[in-house]
Enquirer: 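Here it is, the structure in full.
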Amino acid sequence: GAGVSQSPSNKVTEKGKDVELRCDPISGHTALYWYRQSLGQGLEFLIYFQGNSAPDKSGLPSDRFSAERTGGSVSTLTIQRTQQEDSAVYLCASTLDGTSGNTIYFGEGSWLTVV
Amino acid sequence: TQLLEQSPQFLSIQEGENLTVYCNSSSVFSSLQWYRQEPGEGPVLLVTVVTGGEVKKLKRLTFQFGDARKDSSLHITAAQPGDTGLYLCAGDRAGNMLTFGGGTRLMVKP
């Protein structure tokens with residue numbers, strides 16, 4: 001596709017359920033990021049994939065959060081046993097590679113509400 | 001504690017006024033980026049500044065990178081309602097790993 005595509009755009013889930021959020025990066029982009037944004041706030045880094053390197057998971061807030069990237073393209077962020085504090089917009093972004101200064105393109109985000 | 005502090009957090013002004021948003025840190029960045037985000041959308045890159053003291057202009061927007069590459073400012077001249085949105089600064093310390101500020105929510109009233 002022309003841009004970074006995320007699904008679902010909105011997800012309401014019950015506390016304790018697992019959720020999966022999907023990201024399709026721009027074709028050819030080897031670097032992929034997940035960020036979390038609380039209402040009207042800045043972005044909190046979660047995880048970073050670059051090519052075949054081991055992902056940088058340093059931003060994941062707890063072991064309930066995990067992410068994978070299959071075939072160097074599509075990525076899935078999984079949140080297990082969701083809590084109300086997980087409610088936020090989850091943004092995916094991609095860039096050509098991890099070189100500093102490359103433009104980073106964001107998707108529109110997946111709005112997660114845990115009730 | 002945020003690595004990048006943005007101020008003000010909120011700004012509501014009348015059309016035609018000028019404003020400045022600040023982004024400050026105690027850390028040095030290889031580059032600093034400014035993004036604008038509208039409701040329901042992801043952030044969109046406005047500009048990247050790389051050199052200490054650099055000034056870039058984008059129509060009515062002027063971006064400045066501090067000499068020590070620790071801080072930056074965004075100045076908007078004669079603000080328009082279309083400028084309304086969330087402005088985010090992001091510092092790059094290594095390999096395109098961005099650290100974001102908390103954002104400045106700007107509302108420009110007609």
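A, B, ... follow the sequence lines: proteins, then strands. Residue 1 opens every chain. Quick caveat: nothing in here was measured; it's all calculated off a predicted structure. Any value given below was found using the heavy atoms of this structure, including those in side chains, with hydrogens, waters and symmetry copies removed.
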Enquirer: Is the number of heavy atoms from other residues, nucleotides or ligands under 6.0 Å of B/Glu17 CD greater than 12?
Expert: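 Yes.
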
Enquirer: Distance only, no hydrogens: is a donor on one side chain within 3.5 Å (strictly under) of an acceptor on the other, for A/Thr95 and A/His29?
Expert: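 Side-chain D/A pair, A/Thr95 to A/His29: absent.
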
Enquirer: If you count heavy-atom pairs within less than 4.5 Å of chain B, which of A/Gln50, A/Glu108, A/Glu44 leads?
Expert: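 The answer is A/Glu108.
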
Enquirer: Taking every non-hydrogen pair under 4.5 Å, which of B/Pro43, B/Gly42, B/Pro39 racks up the most with chain A?
Expert: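 So the answer, after comparing B/Pro43, B/Gly42, B/Pro39, is B/Pro43.
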
Enquirer: Heavy-atom pairs under 4.5 Å with chain B are the metric here; pick the option from A/Leu91, A/Leu43, A/Val4 that has the most.
Expert: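 Most heavy-atom pairs within the cutoff with chain B belong to A/Leu43.
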
Enquirer: Donor-acceptor pair, B/Asp92 side chain versus B/Leu98 backbone, under 3.5 Å?
Expert: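 Such a contact is absent between B/Asp92 side chain and B/Leu98 backbone.
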
Enquirer: Which answer fits B/Gln6, side chain, backbone, both or neither, if we ask what part of it has an atom under 4.5 Å from a heavy atom of chain A?
Expert: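 No part of B/Gln6 comes within 4.5 Å of chain A.
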
Enquirer: State whether the number of non-hydrogen atoms from other residues, nucleotides or ligands found under 6.0 Å of A/Tyr105 atom OH is greater than 12.
Expert: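 Not more than 12 within 6.0 Å, no.
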
